[in-house]
Asks: 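Provided herewith is a single structure, encoded as C-alpha cells, for subsequent inquiry.
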Amino acid sequence: MKKGQICEGWITKVSFPNKCHIEAEGRTVIVKNGVPGQKVRFSVNKLRSGRAEGRILEVLERSPRECEPVCPHFSDCGGCTYQNLSYEDQLQLKEQQVKELLDRAVQDFGYGYRFEGIKESPRRYDYRNKMEFSFGDEVKDGPLALGMHRRGSFYDIVTVDGCRLADGDFRQILKGTLDYFRDQGTPFYRKLSHVGYLRHLLVRKAAKTGEILVSLVTTTQSEEDLSGWRDMLLALPLEGTFAGILHTKNDSLADVVQNDGTEILYGQDYFYEELLGLRFRISAFSFFQTNSLGAEVLYETARSYVGETKDQTIFDLYSGTGTIAQMLAPVAKKVIGVEIVEEAVAAAGENARLNGLSNCEFLAGDVLKMLDVIEERPDFIVLDPPRDGIHPKALQKIIRYGVDRMVYISCKPTSLARDLIPLQEQGYRLERACCVDMFPWSGNVETVVLLSKGEIDSKKIRVEFSLEDMDMSGFQKGATYEQIKAYVLEHTGLKVSSLYISQVKRKRGLDVGQSYNLPKKGDAKVPQCPAEKEAAIVEALKYFGMI
C-alpha cells in the first residue's frame, strides 16, 4: 500500500468519533463518513506503521443497516454523520463505542462497574436551539448561499433550508434572510481576499418559552440599512416570538462568530429558557446546551448520580453559565462554580439571582489556577470540562482534595477515558456510567460517570492505552506547530510556515527554543511573516490559550 493508491474494502467497525475501520493489504485504514457494513472505494492519504488514513471516494455496496436519510442535504452538508442509519442503530452504535472506551480504561485495574446504556433524546428532529449559519456560495462565483459548509470543503456553502436538526422557525428565518439579501445584491465576506459584508447568521430559540434571538454577523466594510431585513423577519409566520434582532460586527480574519460590538435592531439582546423548573437568561454568545430537552435528561441523570448532598459544599468545575450548580444548590450547603469565560460567570450569577438562589458563588478563572485560590474545601466535585478534558495538572489538584465521590460529565468520551487513568491510579473507581444522546444524527454523545474513592492496590499497575484513541492535543504545551498550521488553514485558508509561527511567538514573548528557525549565518536574509498571516497565527495562539 502506498500514498495515493486507490483501494476497495468493507467497513468492519466505527469507533468514536466517526472513525471507520477497513482492513486492506495487511493494514487498518481509517476513513470518515461511513457506516458498518458498507463496501467502499477509497484513496490512501497517510501511511503510518500498521495503520493508514484515507478518504471515501464512492460507496460500492450499501450496508444492510442503511436507510434513506430524512434530510435532503445529507449527501452534501457536513453537519450530520448518521442520517443514513435508523435512530435505533445510531443509539446502539454510540453505546457500543463508549462502552468499549470505558472497558479499555478500567481493564487493568481489576474491578467491574455498572454500565447503564444510553438514553435517547426527547426529540429526534428539530432539537437544536442554536445554529450558526455561514454566508458564501455553493460554487465559485455562484449565487449567494446561506447554510453549512459542504462536507470536506472550507469555502463552499450549502443552503440548508430543509435541515431537520434545527427548529422549523430556523428554516423560515434562514430562507427569508437569504432571499432578502439576494434581492439586495449584498456581497458576502470572502475568506481569501477578506473583502465583503455578510458573514454569519446566528439563530437561537428556547424550547420551553418559544423566544427567538437572531443576530446578523457582518464586517464593518460598509454601512447597510438593516431595517428592511428586521421588518421582513418580524413579518414571518413563526411559531415562536422574537425576543431580539441584533446586528453584530466582526472584522476578525478567522472564520469564527466573534462579537466586536452589537447593535440591537429590535427588542433585547437576550432571551429566557427554562430547565427543570429553573429559568435562565441567555445572550447571543453565551454557552448553553444546544438541545434543551436533552439537557434536562442529562442533568437529571447527573443529579441522580450526585445523590445526597445535604450540608455539603460542592465544587462545580468548568461550570459554564451555572446550570448544574443551580440544579444542586437547593439540596446543598453551598455550590462554588469555576469557569474561565467571564461572560458565562456573569450570566451564572444573574441566573442564580433570577432563581432566588443565595448559596451559589461563581468565580471567573482557569480551574488550574483558581483551585489554589479558593479557601473552602469540597465535599463533592462535579466536573463538566470542555471537549479536550481536564488539564493533567488541574486533575492532580482535583484528586488531592480526596473527596469520596465525584461526577464527571463529558461531551467527548475519548477525553473522559484518558482522564480516568490518573484518577484510577490515585484510588478512584468507576462506579456507574450512562450515555445521553444530546446530538441525534451526529457522531457525538454525552457521557455521565460516577467515581468513588477506593483503595489503591499495593501492586504496581501497568496501563497501556492507544494514543490513537486518546486525543492528547489539548494538553501539549499550548499547541504544536502542526496544530497551529492546521487551525490557520481551516479558519482562514492561509498556509503558514513554522518560520512564520516562530517569528510571531517571539514577538509575543513565547518560548520557541534558543535556536529554532534562526538563520545559520549572521547576515542571512530571513523572510518576514506578512501581516495577514501574523493576524491569523495570533488568532490560533489565542484559541490554544497560549496568549
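As a basis for the values below, the full set of heavy atoms in this structure was taken, side chains included, without hydrogen atoms, waters or symmetry mates. The shown structure was predicted, so the numbers you read here are calculated from the model rather than taken from an experiment.
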Asks: In sequence, state the C-alpha distance, the side-chain angles, and the governing distance for Tyr155 and Lys140, and then conclude on side-chain contact (heavy atoms from CB on, under 4.5 Å).
Replies: CA-CA 9 Å; Tyr155 297 103; Lys140 187 177 180 181; over 6 Å; no

Asks: Hey, does the side chain of Ser415 reach the backbone of Arg387 with a donor-acceptor pair shorter than 3.5 angstrom?
Replies: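 Present.
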
Asks: Provide the closest heavy-atom pair for Gly147 versus Leu174 in the form atom of the first, atom of the second, distance.
Replies: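 Heavy atoms of Gly147 and Leu174 come nearest at CA-CD1, 4.4 Å.
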
Asks: Provide the closest heavy-atom pair for Tyr408 versus Gly389 in the form atom of the first, atom of the second, distance.
Replies: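 Here Tyr408 and Gly389 meet closest at OH-CA, 3.8 Å.
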
Asks: Please report the interatomic distance OG1(Thr321) to CD(Glu350), rounded to the nearest 0.5 Å.
Replies: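 Going from OG1 on Thr321 over to CD on Glu350, the span is 12.5 Å.
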
Asks: Spell out, as yes or no, whether a donor-acceptor pair under 3.5 Å connects the side chain of Glu339 to the backbone of Ala364.
Replies: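 Side chain of Glu339 to backbone of Ala364: no pair is present.
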
Asks: Would Leu253 and Lys191 count as a side-chain contact (heavy atoms from CB on, under 4.5 Å) here? Give the steps.
Replies: CA-CA 8 Å; Leu253 292 179; Lys191 300 184 186 74; over 6 Å; no

Asks: What distance separates Asn18 CG from Asn444 CG, expressed to the nearest 0.5 Å?
Replies: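 Rounded to the nearest 0.5 Å, the CG-CG separation comes to 9.5 Å.
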
Asks: Evaluate the side-chain contact (heavy atoms from CB on, under 4.5 Å) criterion for residues Ser283 and Phe271: first the C-alpha distance (whole Å), next the side-chain angles of each, then the deciding distance (0.1 Å), finally the verdict.
Replies: CA-CA 7 Å; Ser283 68; Phe271 68 104; over 6 Å; no

Asks: Is it true that the side chains of Ser215 and Thr248 contain a donor and an acceptor less than 3.5 Å apart?
Replies: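 Yes, Thr248 and Ser215 have a side-chain donor paired with an acceptor closer than 3.5 Å.
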
Asks: Taking CD in Glu58 as the centre, count heavy atoms belonging to other residues, nucleotides or ligands within less than 6.0 Å. Is the count above 12?
Replies: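 Yes - once you tally the heavy atoms of other residues, nucleotides and ligands closer than 6.0 Å, there are more than 12.
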
Asks: Is any side-chain heavy atom of Phe170 less than 4.5 Å from a side-chain heavy atom of Lys205?
Replies: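 Counting from C-beta outward, Phe170 and Lys205 do come under 4.5 Å.
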
Asks: Between Gln424 and Ala105 (side chain of the first, backbone of the second, donor and acceptor by atom type, cut-off under 3.5 Å), is there such a pair?
Replies: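 Yes, because the side chain of Gln424 sits within donor-acceptor range (under 3.5 Å) of the backbone of Ala105.
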
Asks: Does atom NZ (Lys32) have a neighbourhood of more than 12 heavy atoms from anything else shown, all under 6.0 Å?
Replies: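 At most 12 heavy atoms, drawn from other residues, nucleotides or ligands, come within 6.0 Å of this atom.
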
Asks: Backbone N or O of Asp251 within a donor-acceptor pair of the Asp260 side chain at under 3.5 Å?
Replies: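 It does hold such a pair.
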
Asks: Between Lys130 and Glu132, does any NZ, NE, NH1 or NH2 come within less than 4.0 Å of an OD or OE carboxylate oxygen?
Replies: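 Counted as a salt bridge, because a side-chain N and a carboxylate O are separated by less than 4.0 Å.
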
Asks: In Å, rounded to the nearest 0.5 Å, how long is the span from NE2 of His194 to OG1 of Thr219?
Replies: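 So the gap between those two atoms works out to 12.0 Å.
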
Asks: Judged by modelled atom types alone, do Thr262 and His247 share a side-chain donor-acceptor pair under 3.5 Å?
Replies: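 There is no such pair (donor and acceptor under 3.5 Å, judged by atom type) between the side chains of Thr262 and His247.
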
Asks: With no hydrogens and no angle check, is any side-chain donor or acceptor of Asp137 less than 3.5 Å from a backbone partner on Asp141?
Replies: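 Yes, the answer is positive, given that a donor and an acceptor are paired below the 3.5 Å cut-off.
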
Asks: What closest approach, in Å, do Ile484 and Ala540 show between heavy atoms, and which atom pair accounts for it?
Replies: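 Closest pair (atom of Ile484, atom of Ala540, distance): CG2-CB, 4.0 Å.
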
Asks: Whether Asp76 and Arg150 form a salt bridge (side-chain N of Lys/Arg under 4.0 Å from carboxylate O of Asp/Glu) is what I want to check.
Replies: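 The answer is yes: the pair qualifies as a salt bridge.
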
Asks: Can any side-chain N or O of Asn45 pair as donor or acceptor with the backbone N or O of Lys3 at less than 3.5 Å?
Replies: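 No, the answer is negative, given that no donor and acceptor are paired below the 3.5 Å cut-off.
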
Asks: Would you say the side chain of Ile399 lies within less than 4.5 Å of the side chain of Leu423, judging by non-hydrogen atoms?
Replies: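 Side-chain contact under 4.5 Å: yes.
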
Asks: Could you state the interatomic distance from CG (Leu102) to OG1 (Thr447), rounded to the nearest 0.5 Å?
Replies: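 Output value for this atom pair is 6.5 Å.
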
Asks: Just by distance, no angles: are the side chains of Glu343 and Ser286 close enough, under 3.5 Å, to form a donor-acceptor pair?
Replies: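 No, no side-chain donor-acceptor contact under 3.5 Å.
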
Asks: Is any side-chain heavy atom of Cys7 closer than 4.5 Å to one of Met1?
Replies: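 Sidechains of Cys7 and Met1: in contact.
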
Asks: Looking only at heavy atoms, what is the nearest atom pair of Val14 and Gly34, with distance?
Replies: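 Scanning both residues completely, I find the closest heavy atoms to be CG2-O, 4.2 Å.
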
Asks: Rounded to the nearest 0.5 Å, how far apart are CZ of Arg418 and OG of Ser410?
Replies: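 Rounded to the nearest 0.5 Å, the CZ-OG separation comes to 9.0 Å.
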
Asks: How about Val338 and Phe362: do any of their side-chain heavy atoms sit closer than 4.5 Å?
Replies: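 Result no, sub-4.5 Å side-chain heavy-atom pair not found.
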
Asks: Is it the case that the side chain of Asn250 and the backbone of Val257 share a donor-acceptor pair, with hydrogens and angles ignored and the cut-off at 3.5 Å?
Replies: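 No, because the side chain of Asn250 does not come within donor-acceptor range (under 3.5 Å) of the backbone of Val257.
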
Asks: Donor-acceptor check, side chain of His200 to backbone of Leu202, threshold 3.5 angstrom: yes or no?
Replies: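 Here the side-chain-to-backbone pair does not exist.
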
Asks: Quick one: pull up CG in Leu198 and OG1 in Thr186 and give me the separation to the nearest 0.5 Å.
Replies: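 Between atom CG of Leu198 and atom OG1 of Thr186 there are 5.5 Å.
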
Asks: Can you find a pair of side-chain heavy atoms, one from Leu317 and one from Ile381, that are under 4.5 Å apart?
Replies: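 Leu317 vs Ile381: side chains touch.
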
Asks: Checking side-chain polar atoms at under 3.5 Å, does Thr28 have a donor or acceptor matched by the opposite partner on Glu23?
Replies: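 Glu23 and Thr28 do have a side-chain donor-acceptor pair below 3.5 Å.
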
Asks: Would a 4.5 Å heavy-atom cut-off, applied to side chains only, mark Asp156 and Val139 as touching?
Replies: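 No. Closest side-chain heavy atoms not under 4.5 Å.
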
Asks: Can His149 and Ile157 be said to form a side-chain contact (heavy atoms from CB on, under 4.5 Å), step by step?
Replies: CA-CA 5 Å; His149 285 273; Ile157 300 297; 3.8 Å; yes

Asks: With no hydrogens and no angle check, just 3.5 Å: does a side-chain donor-acceptor pair link Thr290 and Asn129?
Replies: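 No, Asn129 and Thr290 have no side-chain donor paired with an acceptor closer than 3.5 Å.
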
Asks: State whether a side-chain donor-acceptor pair under 3.5 Å links Ser498 with Lys485.
Replies: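 Distance-only check passes for Ser498 and Lys485.
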
Asks: Check whether any side-chain heavy atom of Glu100 sits under 4.5 Å from a side-chain heavy atom of Lys13, and report yes or no.
Replies: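 Touching, per the 4.5 Å side-chain cut-off.
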
Asks: Using a distance-only test with no angle check, is there a side-chain donor-acceptor pair under 3.5 angstrom linking Asp225 and Ser227?
Replies: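 There is such a pair between these side chains.
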
Asks: Which heavy atom of Val44 sits nearest a heavy atom of Lys2, and at what distance?
Replies: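 Scanning both residues, the minimum pair turns out to be CB-O, 3.7 Å.
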
Asks: How about Phe315 and Tyr401: are their ring centres within less than 6.0 Å of each other?
Replies: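 Ring centroids of Phe315 and Tyr401 are less than 6.0 Å from each other.
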
Asks: Does the distance from a Lys or Arg side-chain N to an Asp or Glu carboxylate O, for Lys507 and Glu534, drop under 4.0 Å?
Replies: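 Judged by the 4.0 Å cut-off on N to carboxylate O distance, Lys507 and Glu534 do form a salt bridge.
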
Asks: When the ring planes of Phe135 and Phe181 are compared, do they come out parallel, tilted or perpendicular, using 30° and 60° as the limits?
Replies: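 Phe135 and Phe181: perpendicular rings.
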
Asks: Considering only heavy atoms from C-beta outward, does the side chain of Val407 approach that of Leu383 to under 4.5 Å?
Replies: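 Of all side-chain heavy-atom pairs linking Leu383 with Val407, none is under 4.5 Å.
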
Asks: Which pair of non-hydrogen atoms, one from Ala394 and one from Leu368, has the smallest distance, and what is that distance?
Replies: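 Taking Ala394 first and Leu368 second, the nearest heavy atoms are N-CD1, 3.4 Å.
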
Asks: Cation over ring, Arg230 on Tyr266, under 6.0 Å and within 45°?
Replies: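 Arg230 over Tyr266 ring: no.
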
Asks: For the side chain of Arg182 and the backbone of Thr177, is there at least one donor-acceptor N/O pair under 3.5 Å apart?
Replies: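 Not at all, since once roles are kept as given, no pair shorter than 3.5 Å links the two residues.
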
Asks: If you draw the axis of the six-membered ring of Phe285, does the NZ or CZ of Arg204 fall within 45° of it and under 6.0 Å from the ring centre?
Replies: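 No - Arg204 does not lie over the ring of Phe285 by the 6.0 Å and 45° rule.
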
Asks: Distance-only, no hydrogens or angles: does the Gln503 side chain make a donor-acceptor pair with backbone N or O of Pro527 under 3.5 Å?
Replies: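 Pair found, side chain donor or acceptor close to backbone of Pro527.
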
